[in-house]
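Below, chains carry the letters A, B, ... as their sequence lines are ordered, and counting in each starts from 1.
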Amino acid sequence: MTTQDIQLHVALPDGSIRDYPAGSTGLDVALGISEGLARNVLAAKINGQVQDATRPIEVPADGSAVTVQLLTWNDLEGKSTFWHSSAHLLAEALESLYPGIKFAIGPPIENGFYYDVDFEGKHFSQEDFKKVEDKMLELARQKNEYVRKAVSKADAIAYFEEKGDPYKIDLLENLADGSITFYTQGGFTDLCRGPHIPNTGFIKAAKLMNVAGAYWRGDEKNKMLTRIYAITFPKQKELDEYLVLLEEAKKRDHRKLGKELELFAFSEKVGQGLPLWLPKGALLRERLENFLRRAQVRAGYSPVVTPHIGSKQLYVTSGHWEKYGADSFQPIRTPEEGEEFMLKPMNCPHHCEIYKTKPRSYRDLPLRLAEFGTVYRYEQSGELHGLTRVRGFTQDDAHIFCRPDQVNDEFKKVIDLVLYVFKSLGFSDYSAQVSLRDPDNGTKYIGTDENWDKAETAIIEAANEKGLKTVMEKGEAAFYGPKLDFMVRDALGRKWQLGTIQVDYNLPERFELEYTGADNQKHRPVMIHRAPFGSLERFIAILIENTAGNFPLWLSPDQIAILPISEKYETYANDLFFTLQEADIRGFVDLRDEKIGRKIRDAEVAKVPFMLIVGEKEAAEGTVSVRRKGEGDLGSMTIAEFTALFQEQVKV
RNA sequence: GCCUUCUUAGCUCAGUGGUAGAGCACUUCCUUGGUAAGGAAGAGGUCGUCGGUUCAAAUCCGAUAGAAGGCUCCA
């Protein structure tokens with residue numbers, strides 16, 4: 001290698017600079033470091049841009065160093081490249097098994113990838129998974145290279161016209177000539193910007209996860225395609241581990257645990273999406289409500305109660321009728337007068353009317369009205385999901401009516417409250433999302449641009465001042481105002497909105513809310529809508545999945561189980577039960593004719609935090625033998641000692 | 001709402017054309033047992049519902065209800 005050959009300066013992530021001949025690829029760079037690395041390189045990140053590891057790295061005209069990061073399975077971008085290439089492999093397998101099917105898009109996702117396919121009436125279901133997986137692995141073993149080729153738009157269109165792939169042509173319509181590339185591996189060529197892994201041989205394990213319908217371009221007016229979800233791995237062992245992980249996650253599913261722990265149920269007769277809270281679930285709910293009630297008293301909220309129905313006119317005024325009339329249960333009519341009432345889909349209009357019950361002075365503000373308000377919404381049947389998406393649910397709702405100069409401060413106080421709630425319940429893995437309006441879709445919203453700008457600025461400023469790490473999402477706002485949403489994941493990794501805080505300049509206008517200022521003039525208050533839990537139902541669902549049903553002591557429906565060794569100690573057990581009940585400790589006595597081992601096992605399975613075993617010794621000494629769920633025997637102690645231990649652990 | 005799949009005892013599930021089965025739970029009896037399942041017996045299902053094909057349907061076909069995974073939606 002002569003000096004003239006060295007033209008490419010590569011800056012590696014560790015800060016070192018290495019020189020390579022012009023025309024070197026990411027793989028060459030890897031080879032220069034170690035052969036092991038070269039075997040594992042999936043793609044290369046060149047100056048921040050991910051590209052094929054097999055593609056020559058462009059030498060900058062000014063001779064400056066190029067930053068190169070070699071991506072492997074351990075990098076998120078390496079994984080997504082791997083899965084993107086796997087999507088092509090899936091398509092190749094499908095095409096060879098079902099010639100003539102049409103392909104739409106096949107992107108990588110968080111866990112794996114999917115490909116949208118038009119089977120044109122051909123049936124495809126889970127029974128076909130195995131042969132597709134086998135075909136994929138068979139093609140993978142051929143170690144076919146992913147070959148990149150730039151094509152003109154005309155040639156690209158001609159190719160897919162010849163092949164008869166209308167979706168690809170549709171995609172091409174929106175692409176600029178000169179930027180179009182094809183990738184070919186084995187016998188399959190796809191329109192694709194790349195990048196891809198070097199060859200199919202990296203893919204050692206493949207599993208189709210499920211099939212689902214998906215509208216072309218996500219528009220329900222378009223044809224529904226078949227979406228095939230799949231995942232691949234560079235090692236069979238990793239697939240096995242992933243499947244075990246999925247099984248574990250399913251055990252935490254709130255629908256499963258809710259049934260097992262007798263927290264809630266659904267009944268066909270009652271109606272879909274309408275949860276029935278069983279005694280234990282209701283207890284849990286009540287404790288959560290009381291927890292927040294106490295926090296809200298400290299934060300200066302005033303509880304209010306409003307009816308479950310409201311005149312349709314109320315919602316015409318608020319704008320909910322116009323925006324969500326079709327998504328609400330239709331109005332109930334009184335038989336004589338023909339008045340129309342709606343099951344309330346929102347509490348805010350009721351609270352606005354409470355505000356209006358008397359003239360308000362600037363001295364009265366902020367006025368914080370809080371209610372555990374149960375609302376009903378006609379959610380699409382296909383969208384209902386356990387407790388996370390239901391048709392009747394209770395919001396821990398409150399509306400803060402304040403002066404414009406109080407908005408920032410009030411908003412920050414609400415952020416504090418939401419974070420306090422999350423922290424108390426052990427939710428550390430949340431993300432904060434600023435949900436803004438979609439500037440291209442004005443008809444979705446009510447209110448003036450000026451008010452929207454004010455509201456959006458207020459949220460962003462308050463979030464920044466609180467040092468919250470936020471992501472901005474356009475088009476996610478409520479129709480009357482922007483939101484700060486707190487998102488948490490469920491056991492299967494799906495994101496749900498829990499807490500929400502919304503600034504609203506619009507409803508005060510619609511309801512003509514006023515207060516008298518220090519200047520003796522009428523002014524318009526600003527509303528902040530907020531719900532730290534969001535909905536009790538959804539919050540509890542996520543709580544169940546986060547804790548796998550092992551609730552903190554203060555929330556446990558049954559905090560103790562008293563387990564007499566035999567029926568001889570029944571009286572002592574019952575006396576103990578009443579004593580502890582006096583100390584506000586809740587639970588039950590297991591009087592079944594079973595051995596102690598059995599009673600312990602059943603209490604453990606029912607996830608009861610404390611087991612109190614009483615027999616001859618305890619009855620004689622006035623003690624209890626304490627066992628903590630998941631930990632085991634703590635030894636015997638007096639009832640007073642146990643009560644003290646309990647009080648220590650029951651604190652929020 | 002749309003696509004795919006599923007629905008058998010209280011729960012978890014087996015049973016693919018010849019009129020239903022297991023484990024757990026439940027009831028009764030025996031057992032009075034000291035830190036994760038003591039033993040025995042019993043009871044329990046018009047196989048989601050309605051209709052069709054068939055000599056015969058849990059099983060095949062259609063409709064309908066509910067559930068699951070997605071898509072669209074989500075105040």
Q | Protein-nucleotide distance (A:Asp219, atom CG; B:rG70, atom P), rounded to Å | A | 21 Å
(Q) Using the P atom as the point on both nucleotides, what is the distance between B:rG21 and B:rU16, in whole Å? (A) 14 Å
Q | Mutual orientation of the aromatic rings belonging to A:His399 and A:Phe401 [parallel < 30°, tilted 30-60°, perpendicular > 60°] | A | tilted
Q) A:His385 has an atom NE2; how far is it from atom P of B:rA68, in whole Å? A) 7 Å
Q) Going by modelled atom types, is there a donor-acceptor pair between the base of B:rU32 and the side chain of A:Glu567 at under 3.5 Å? A) yes
Q: Please determine, for the side chain of A:Pro345, which listed nucleotide (B:rU35, B:rA75, B:rU32) has the closest atom?
A: B:rA75
Q: Would you mind telling me which of B:rG1, B:rU35, B:rC3 lies closest to the side-chain atoms of A:Ser381?
A: B:rG1
Q. Is the ring centre of A:Tyr445 less than 6.0 Å from the ring centre of A:Tyr480?
A. no
Q.
What contact category does A:Asp602 fall into here, base, sugar-phosphate, or nothing, at under 4.0 angstrom with non-hydrogen atoms?
A. nothing
(Q) Can you identify which nucleotide, out of B:rC71, B:rG69, B:rA67, has its nearest atom closest to the A:Tyr229 side chain? (A) B:rC71
Q. When you check the phosphate oxygens OP1 and OP2 of B:rC3, does a side-chain N or O of A:Lys223 lie under 4.0 Å from one of them?
A. no
Q.
Without decimals, in angstroms, what is the distance between A:Lys568 NZ and B:rU31 P?
A. 13 Å
Q. Over how many whole Å does the gap from A:Glu110 atom CD to B:rG70 atom P extend?
A. 12 Å
Q.
Can a side-chain donor-acceptor contact be found between A:Gln313 and A:Ser311 if the only test is distance below 3.5 angstrom?
A. no
Q. What integer number of Å spans the P atoms of B:rA65 and B:rC74?
A. 25 Å
Q) With rounding to whole Å, what would you report as the distance between B:rC47 and B:rA40 at their C1' atoms? A) 30 Å
**Q.** A:Leu261 CG - B:rC11 P separation (whole Å)
**A.** 16 Å
Q. Paired with B:rA40 by Watson-Crick or G-U wobble geometry, both distances under 3.5 Å: which nucleotide is it?
A. B:rU28
Q. Taking atom P in both B:rG23 and B:rG39, what distance in whole Å separates the two?
A. 13 Å
(Q) Closest approach to the side chain of A:Ser625, judged atom by atom: which nucleotide of B:rC73, B:rG34, B:rA75 is it? (A) B:rG34
Q) When all nucleic acid strands are considered with a 4.0 Å heavy-atom cut-off, which category describes A:Gln272: base, sugar-phosphate, or nothing? A) sugar-phosphate
Q) Using atom P of each nucleotide, how far apart are B:rA43 and B:rU49 to the nearest Å? A) 24 Å
**Q.** Nucleotide paired to B:rC11 in any strand shown, Watson-Crick or G-U, under 3.5 Å
**A.** B:rG23
Q: If the plane angle is over 60° it's perpendicular, under 30° parallel, otherwise tilted; pick one for A:His320 and A:Tyr315.
A: perpendicular
(Q) Just N and O in the side chain of A:Arg255: are any of them under 4.0 Å from OP1 or OP2 of B:rA68? (A) yes
(Q) Any side-chain N or O of A:Arg227 below 4.0 angstrom from OP1/OP2 of B:rG69? (A) no
Q: From the options B:rC73, B:rG33, B:rA75, select the nucleotide whose nearest atom is closest to the side chain of A:Lys595.
A: B:rG33
Q: Determine the interatomic distance between P on B:rG62 and the same-named atom on B:rC26; round to the nearest Å.
A: 42 Å
Q) Any idea which of B:rC73, B:rC71, B:rC30 is nearest the A:Asp593 side chain? A) B:rC30
**Q.** Any strand: nucleotide that pairs with B:rC71 via Watson-Crick or wobble, under 3.5 Å
**A.** B:rG1
Q: Assign A:Asn210 to base, sugar-phosphate, or nothing according to its heavy-atom contacts below 4.0 angstrom with the strands shown.
A: sugar-phosphate
(Q) Going by purine N1 to pyrimidine N3 plus the second Watson-Crick contact, or the G-U wobble pair, all under 3.5 Å, which nucleotide sits opposite B:rG48? (A) B:rU64
Q: Go ahead and name the base partner of B:rU54; Watson-Crick or wobble counts if both distances stay under 3.5 Å, otherwise write none.
A: none
Q) Checking all strands, does A:Glu594 fall into the base, sugar-phosphate, or nothing category for heavy-atom contacts under 4.0 angstrom? A) base
Q: Could you check A:Lys629 against A:Tyr215 and say which one's nearest nucleotide on RNA chain B is further toward the 5' end?
A: A:Tyr215
Q | Nucleotide B:rA75, atom C1' - distance to OH of A:Tyr480 in whole Å | A | 5 Å
Q) With A:Tyr229, which of A:Phe129, A:Tyr114, A:Tyr115 fulfils ring pair (Phe, Tyr, Trp, His ring centres under 6.0 Å)? A) A:Tyr114
Q: Assess A:Arg628 against A:Phe610: is NZ or CZ under 6.0 Å from the centre of the six-membered ring, and within 45 degrees of the ring's axis?
A: yes
Q: Could you label the plane-to-plane angle of the A:Phe124 and A:Tyr98 rings as parallel, tilted or perpendicular, counting under 30° as parallel and over 60° as perpendicular?
A: perpendicular
Q: Just compare B:rG69, B:rG34, B:rG1 and give me whichever is closest to any side-chain atom of A:Glu616.
A: B:rG34
Q) What is the distance from atom CD of A:Glu476 to atom CZ of A:Arg437, rounded to the nearest 0.5 Å? A) 15.0 Å
Q: Select base, sugar-phosphate, or nothing to describe what A:Gly597 touches, counting heavy atoms under 4.0 Å on all strands.
A: sugar-phosphate
Q.
Check this for me: A:Lys356, atom NZ, are more than 12 non-hydrogen atoms of other residues, nucleotides or ligands nearer than 6.0 Å?
A. yes
Q) How would you label the contact of A:Gly218 with the nucleic acid (heavy atoms, under 4.0 Å): base, sugar-phosphate, or nothing? A) sugar-phosphate
Q) Among B:rG70, B:rA65, B:rC73, which is the nearest nucleotide to the side chain of A:Arg494? A) B:rG70
Q: Could you check whether A:Glu379 gets within reach of a base, just the sugar-phosphate, or nothing at all, counting any heavy atom under 4.0 Å?
A: nothing
**Q.** Minimum-distance nucleotide (side-chain atoms of A:Ile596 versus B:rA75, B:rU35, B:rC71)
**A.** B:rU35
Q) Does a side-chain N or O from A:Lys259 land closer than 4.0 Å to OP1 or OP2 of B:rU12, or not? A) yes
Q. Using a cut-off of 4.0 Å on non-hydrogen atoms, how would the nucleic acid contact of A:Glu570 be classed: base, sugar-phosphate, or nothing?
A. nothing
Q: Select from A:Ser125 and A:Ser328 the residue whose nearest nucleotide in RNA chain B is closer to the 5' end of that strand.
A: A:Ser125
**Q.** P-based separation of B:rU53 from B:rC61 [nearest Å]
**A.** 15 Å
Q) Which part of the nucleic acid does A:Gly481 contact within heavy-atom distance under 4.0 Å: base, sugar-phosphate only, or nothing? A) nothing
Q | From CA spacing to verdict: salt bridge (Lys or Arg N to Asp or Glu O under 4.0 Å), A:Lys474, A:Asp438 | A | CA-CA 5 Å; A:Lys474 284 195 170 29; A:Asp438 175 2; over 6 Å; no
**Q.** B:rC3 and B:rC13, which share atom name C1', separated by this distance in whole Å
**A.** 28 Å
Q. To the side chain of A:Ser566, which of B:rU32, B:rA36, B:rG34 is closest?
A. B:rU32
Q: Measure from CG on A:Asn111 to P on B:rG70 and round the result to the nearest Å.
A: 11 Å
(Q) Distance check needed: B:rA75 P versus A:Lys344 NZ, whole Å only. (A) 18 Å
